[in-house]
Peer 1: 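Take a look at the following structure, please.
Protein chains get the first letters and strands the later ones, always in sequence-line order, with residue 1 at the start of each. This one's a predicted model, so the numbers in the text were calculated from it and none came from an experiment.
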Amino acid sequence: MSRFLDTFFNGPVFERYLPAILHGMVVTIEIAVVVVITGILLGLVLAVVRAFRVLAINALIVVFVDVLRALPPLVLILLVYFGLPNVGVNVPSFAVLWLVLSLVLAAFAEEIFWAGILSIPKGQWEAARSTGLTFLATLVHVVLPQAVRLAVPPLTNRTIAITKNAALGTVIGVSEILNQATAAQSFSGNATPLMMGAIAYLILFVPVVALGRFLETRFAWRRA
Amino acid sequence: MPDEKPPILDIRGLRKTFGATEVLHGIDLAVQAQELVFVIGPSGSGKSTLLRCCNRLEEPSAGSIRVDGADIMARSTDINAMRRQIGMVFQSFNLYPHLTALRNVTLALAKVLGKPRAEAERIGLAALDRVGLADKAKAYPSELSGGQQQRVAIARALALEPKIMLFDEPTSALDPELVGSVLAVMRDLKRGGMTMLVVSHEMRFARDAADRVIFMDHGRIVEEGPPQRMFSAPSQARTLAFIAELTR
């Protein structure tokens, strides 16, 4: 028992590496926030563009979405981080992580928003168009407000799943939680930093999961 | 109808095909200002399609449609500007569920006509008042009965001061006890001089309020006339059979 505590809950190790883990938490929060903003916005923009049903553009969107959803994010991260310097483009590791996770989230978000748009009854479009609203005005004022509400529960789940992938940044040296924890673990030869990392993730993501649960009930939509 | 004034709605040779099927085989119909024209006919006769062609929710395949003299099919016509002059009321109400009754009415006032918020709300409340629902301005559609929802939908169309209103089976989705309130609003519109083209099966309402009844079958106008004659002594056997079926 004491050996177990010594390995996972070692006091001195905890104190020594706490600042590093806290720094990792800040970096993880930074990544999560920027990824959520750019990923969801890009996904929404793509879904809106898709609503115009221009065949060639929609084919491109579908290819983008399917490729990004099919590839493991780690593959993309490595490909971009180790591939781009070979063509003379040096992108900082934080930016690579931001870019890749944003694109992945955008792909899933686009599909979720698109499903929402499709589920709005045709009568809503017809009613709005019959009062003289343009296609875009109908989309913005009538269809999207309803579609976004429908999208909130699945989008929350998907967003949590993808922002957790910030941990993948460790393989390209982004100093987020897992990166700090593994470094500390190898210096100290003790698993306590990893346990600290796990706890740090819980501290960050349990509230987010709870928020997701709240949003799901809040946005449960009474349909007329 | 001897009238030197041009009709508000003038449909000539209207044809509509879906794929290989022609559902309207050349419709000619003129609706004069302040006239209430009632369209009856069996389901699949093309009466809803006829109505939906009038504001190009369905794209006509051939023929011409003029609203107050303007050709709504012309390439130079701004269809959105045209549509706000043609009010439409749907069988399934189609209120926006995420907006209050008042916002349902003011959306087009604000976004199409560019009215400032205060003015849009004043017009919206007046329209709701005309359908007897000023006190429900803040209610969401899900909090209203079907009859109230349809009256809000009428107010939504009315607020834009259309030159003609199209009603596509406005009471078909309503419980019988709620039909009367909607018909009362339509009667009131008629008294106020609104030009109306109504697809409906409410025979008693047609008898009381319609100036003219059109019987459609298989994409053609079979016969038309004043309601008294159409319901008691139609000249066509098909009309007689349909009316007998309805009043059975």
Peer 1: Starting at OG1 of A:Thr131, measure out to CG of B:Leu113 and round the result to the nearest 0.5 Å.
Peer 2: 9.0 Å
Peer 1: What are the two closest non-hydrogen atoms of B:Phe90 and A:Ala127, and how far apart are they?
Peer 2: CE1-CA, 3.6 Å
Peer 1: Using a heavy-atom cutoff of under 4.5 Å, enumerate the residues of residues 137-145 of chain A that contact chain B, numbered in order, or state 'none'.
Peer 2: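 When heavy atoms of chain B are the reference, residues 137-145 of chain A contributes A:His141, A:Val142, A:Pro145 within the under-4.5 Å range.
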Peer 1: Is the backbone of A:Gly123 close enough, under 3.5 Å, to the side chain of B:Asn94 for a donor and an acceptor to pair up by distance?
Peer 2: yes
Peer 1: Shortest non-hydrogen contact from B:Leu57 to A:Arg129?
Peer 2: CD2-CB, 4.5 Å
Peer 1: Is B:Arg52 in contact with chain A via its backbone, its side chain, both, or neither, using a 4.5 Å heavy-atom distance?
Peer 2: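 Just its side chain gets close to chain A.
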Peer 1: For chain B, find its close neighbours in residues 163-178 of chain A: heavy-atom separation under 4.5 Å, sorted by number, or none.
Peer 2: none
Peer 1: Is the number of heavy atoms from other residues, nucleotides or ligands under 6.0 Å of B:Arg103 CZ greater than 12?
Peer 2: no
Peer 1: Flag the one option from B:Ala81, B:Ser92, B:Ala108, B:Gly87 with the top tally of heavy-atom pairs under 4.5 Å to chain A.
Peer 2: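 Top count of heavy-atom pairs under 4.5 Å with chain A: B:Ala108.
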Peer 1: With a sphere of 6.0 Å drawn around CZ of A:Arg213, does it hold more than 12 non-hydrogen atoms of other residues, nucleotides or ligands?
Peer 2: no
Peer 1: Side chain, backbone, both or neither: which part of B:Ile86 has a heavy atom under 4.5 Å from chain A?
Peer 2: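 The answer is the backbone of B:Ile86.
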Peer 1: Would you indicate whether the side-chain heavy atoms of A:Ser130 and B:Arg84 approach each other to under 4.5 Å?
Peer 2: no
Peer 1: In terms of heavy-atom contacts, does CZ of B:Arg12 have more than 12 from other residues, nucleotides or ligands at under 6.0 Å?
Peer 2: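 No - once you tally the heavy atoms of other residues, nucleotides and ligands closer than 6.0 Å, there are 12 at most.
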Peer 1: Closest heavy-atom contact between A:Leu133 and B:Val112?
Peer 2: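 Nearest heavy atoms, A:Leu133 then B:Val112: CD1-CG2, 3.2 Å.
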Peer 1: Could you tell me which portion of B:Leu95 (side chain, backbone, both or neither) has an atom closer than 4.5 angstrom to a non-hydrogen atom of chain A?
Peer 2: backbone
Peer 1: Restricting to side chain to side chain donor-acceptor pair (under 3.5 Å), what partner residues turn up for B:Gln91, sequence neighbours left out?
Peer 2: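 Partners of B:Gln91 by the side chain to side chain donor-acceptor pair (under 3.5 Å) criterion come out as none, since no residue qualifies.
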Peer 1: Of all the residues in residues 153-174 of chain B, which have a heavy atom that comes within less than 4.5 Å of a heavy atom in chain A?
Peer 2: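 When heavy atoms of chain A are the reference, residues 153-174 of chain B contributes B:Arg156, B:Leu160 within the under-4.5 Å range.
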Peer 1: Please state whether the side chain, the backbone, both or neither of B:Tyr96 comes within less than 4.5 Å of a heavy atom of chain A.
Peer 2: both
